[in-house]
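Working notes, structure below.
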Amino acid sequence: MRYQAPRGTQDILPGNVGEWQAFEAAAGTILTRYGYREIRTPVFEQKELFQRTVGQETDIVQKEMYCFKDRKEREFALRPEGTAPVIRSYIENALWKERQFQKLYYIGPMFRYDRPQKGRYRQFHQVGAEAIGSLSPLVDAEVIALMGETLRAAGVKRTILKLNSLGDRESRNLYAVALKEYFALREKALCPDCRRRLDTNPLRILDCKVPSCGELSRDIPPMEGYLNEASRTHYEQVRHWLEVLEVAYEKDKNLVRGLDYYTRTTFEYHHGELGSSVALGGGGRYDLLVEECGGPDTPAIGFSLGTERVLLAASQDRGAGISSGRKESGIYLVWLGEGALETAFKLANSLRRLITVEMDPENRSLKAQLRQADKLGISHVMILGEQELAEQQVQIKEMATGSQEKIRLSEIEDYINTRIKNTAVQ
Ligand code: AMP
C-alpha cells in the first residue's frame, strides 16, 4: 500500500518551509505594528456558523465545505475561511469588553472542496486581519493599505487593487431588486444554480464560475447608482483616504466577493501573472455580521491573503521565493574515537543553549563527518578527538575561510559568543 497526500493538499517540505516562515513572520511584524494581535481559533466549527454567515447560496457553503458528524451526530465543518470563527470567538468571549476597538489577526489552514489547479487547493493557508468596532472610513483605507504592505513585505511587487462598495443593508437590498430585474430578462441564459439564485440571492450570480453567467454579469447596472447618501459618502471617504495614503486602486463594479456577509467596501488584490480569476486575497466590511451572530451591533472590516498565491506571486516578481533570511551560524561537532564520545555528546547538548550544533550519531571517519558538515552548509566545524580531549582542547575551523584555531574546552562558550554567533552565513 502506498499512501498519498489527499488530492488538493500538499506537504510543505523542509526545503520550502523557510519562505513560509519568513512570510508569516514578516506578516506578523507588520500586523503588530498596525496594532493587530494574533488570535487562534479551532480548525473546525459548527457547520451552521458558516451556513449562516458565509451564506447558504454561496459556492463555499453549497459545494466546497468539508462537513462531518462527530460520534454524537453533531454537525461540524472544517473552516473554509477565517472571519466567521473570529467573530464567533469575539462574541463568545465578549472581546468588546476588553477593548472597544479590537484588531485581530490569524494565520492558518483553511479547507475548501474546490477543483485543484494552480493556486487552488483543498487545504490552503491564509493570513487574515479583522478590525472590529469602527465604521470610520479611515479604518477601511488603513486595512487596505496594511494588506498592500503585507504583500510588499512578501516581495510581491506588481499588485492591482480592485475596489467596490456594496452599500449598507438598504442600498444592498435596492441593488438586489435591480439585479433581479436585469437577470430576469436574461433568465434562459443563466445556469440552473443562478436561476435559483435569482429568487434567493441575485448578488451571488455575480461570482458564478459558469462562463455564460460571467458574460451576462459584465453589463450589469453599476452598484454605485444604488448607494444611498450615507453609503456613497462612506465610499467617497474611503477613496479619499486611500489617495492620501497614495494607494492606487481601480474601481470594479462587479466585485461582490464570494461571501454573503459583506457590506459597503469590498476589495481584492490581484497580480498580473496569476490572472484575474485568481486573487491574492480580498476583504471587505461586514457591518451586520457581529449582530447577526448574536453579538452587539458592531461594524467591522477585514481581509485575508492566500499564502500559496502570495508566495507564487513573490517568486514571479523576484525570480525566487521570499528569502528565508540570513542563515544562522552553527557548529558541526566532529568526534573521533569512542574515548571522545561521552565528552562530545555532553558538549553538543550543552552548547545548544547557545547555538545550533550537529553531531554524527554514528562513529564515522573524519572525512565522512567533514563531508556531512559541508553538505549541511554549517559555518563552523569543531573537532574533538582523543588527543584534543587529553589536552582539554578542541579545534575550531571556520568553513568559509578555512582558518583553524585551538580553543580550551573551558573557553568554548566565550569563543562562541564573541567569535561565532555573529558570523552569520548567507
Ligand atoms: P476568499 O475567502 O474566497 O475571498 O479567499 C481569500 C483568498 O484566499 C484568495 O484570494 C486566495 O488567495 C485564497 N484562497 C481561497 N480559496 C483558495 C483555494 N482553494 N486555494 C488556494 N488559495 C485559496
Side-chain angles (χ1 to χ4, degrees), residues 5-12 20 23-24 27 41 43 45 49-50 53-55 57-66 77-87 105-130 143-144 146-148 150-151 154 156 159-164 166 203-204 206-209 252 254-263 265-286 289 300-316:
R7 191 165 135 77
T9 69
Q10 51 182 352
D11 299 311
I12 304 160
W20 282 74
F23 170 58
E24 291 177 352
T41 63
V43 291
E45 296 271 355
L49 172 71
F50 300 110
T53 58
V54 174
E57 279 299 338
T58 57
D59 275 355
I60 294 178
V61 167
Q62 289 266 318
K63 302 176 187 161
E64 296 172 1
M65 275 214 298
Y66 277 93
L78 294 183
R79 62 180 183 196
E81 60 98 54
T83 300
V86 169
I87 295 307
Y105 78 87
Y106 58 85
I107 295 181
M110 306 291 158
F111 306 85
R112 292 185 199 172
Y113 193 84
D114 215 340
R115 201 167 62 80
Q117 50 194 292
K118 194 177 178 193
R120 211 174 276 286
Y121 307 97
R122 291 185 173 168
Q123 174 172 333
F124 59 98
H125 299 77
Q126 287 185 339
V127 172
E130 317 290 351
V143 162
I144 294 171
L146 163 59
M147 191 172 169
T150 311
L151 285 168
V156 183
T159 54
I160 303 155
L161 168 62
K162 297 189 175 176
L163 185 70
N164 193 22
L166 302 179
L203 238 78
R204 286 277 68 85
L206 301 190
D207 54 30
C208 178
K209 289 179 187 128
D252 180 349
N254 286 38
L255 188 66
V256 294
R257 313 225 345 102
L259 304 94
D260 265 358
Y261 50 63
Y262 288 115
T263 48
T265 317
T266 53
F267 52 92
E268 270 180 5
Y269 274 92
H270 287 254
H271 187 265
E273 299 284 319
L274 294 184
S276 58
S277 62
V278 191
L280 292 170
R285 272 207 166 271
Y286 48 91
L289 187 63
I301 179 166
F303 73 77
S304 66
L305 277 168
T307 303
E308 286 82 358
R309 293 187 194 172
V310 170
L311 295 180
L312 201 63
S315 74
Q316 271 155 359

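Everything quoted here is computed from the prediction, not taken from an experiment. Residue numbers run from 1 in the order of the sequence given. Counting starts at 1 for both ligands and their atoms, following the listed order.
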### Summary
atom 14 (N) of ligand 1: closest protein heavy atom, distance to 0.1 Å, is Phe124 CE1, 3.4 Å
### Option with minimal heavy-atom separation from atom 1 (P) of ligand 1, where the choices are Met110, Arg112, Glu64
Arg112
### Summary
When distances are taken from atom 13 (C) of ligand 1, the protein heavy atom at minimum range is Gly306 CA, 3.7 Å
### Query
What protein heavy atom is closest to atom 19 (N) of ligand 1, reported as residue, atom name and distance in Å?
Tyr121 O, 2.8 Å
### Task
Provide the number and element of each atom of ligand 1 under 4.0 Å from a heavy atom of Asp114.
19 (N)
### Query
To the nearest 0.5 Å, how far apart are OG1 in Thr266 and CZ in Arg285?
12.0 Å
### Query
Within less than 4.0 angstrom of ligand 1, does Arg120 place any heavy atom?
yes
### Task
For a side-chain contact (heavy atoms from CB on, under 4.5 Å) with Arg309, tell me which candidate from His125, Arg120, Lys118, His270 qualifies.
Arg120
### Where ligand 1 meets Ser304 - atom numbers and elements under 4.0 angstrom, heavy-atom basis
6 (C)
### Query
Applying the side-chain contact (heavy atoms from CB on, under 4.5 Å) test to Arg112, which of Arg122, Met65, Glu81 qualifies?
Glu81
### Query
Is the closest N or O pair between Leu280 and ligand 1 shorter than 3.5 Å?
yes
#### Entry: Nearest neighbour in protein (non-hydrogen) for atom 4 (O) of ligand 1
Arg257 NH2, 2.5 Å
### Query
Would you call Glu64 and Lys209 a salt bridge, using N to O less than 4.0 angstrom?
yes
#### Entry: Selected option - heavy-atom contact closest to atom 21 (C) of ligand 1, from Ala313, Gly284, Gly283, Gly119
Gly119
### Message
Against ligand 1, does Glu308 come closer than 4.0 Å with any heavy atom?
### Response
no
## Note on the structure
dist Thr83:OG1 -> Gln126:CD (nearest 0.5 Å) comes out at 8.0 Å
### Message
Any heavy-atom pair between the side chains of Thr53 and Ile87 that's under 4.5 Å?
### Response
no
#### Entry: salt_bridge(Arg204, Asp59) N-O dist < 4.0 Å
no
### Query
Considering only heavy atoms from C-beta outward, does the side chain of Leu312 approach that of His271 to under 4.5 Å?
no
### Query
In Å, rounded to the nearest 0.5 Å, how long is the span from CD of Gln123 to OH of Tyr113?
15.0 Å
### Query
Which residue holds the protein heavy atom closest to atom 11 (C) of ligand 1, what is that atom called, and what is the gap in Å?
Arg309 NH1, 3.3 Å
### Heteroatom proximity flag, Gln126 to ligand 1, N/O under 3.5 Å
yes
### Summary
Of Pro116, Pro80, Ala279, the one whose closest heavy atom lies nearest atom 10 (O) of ligand 1 is Ala279
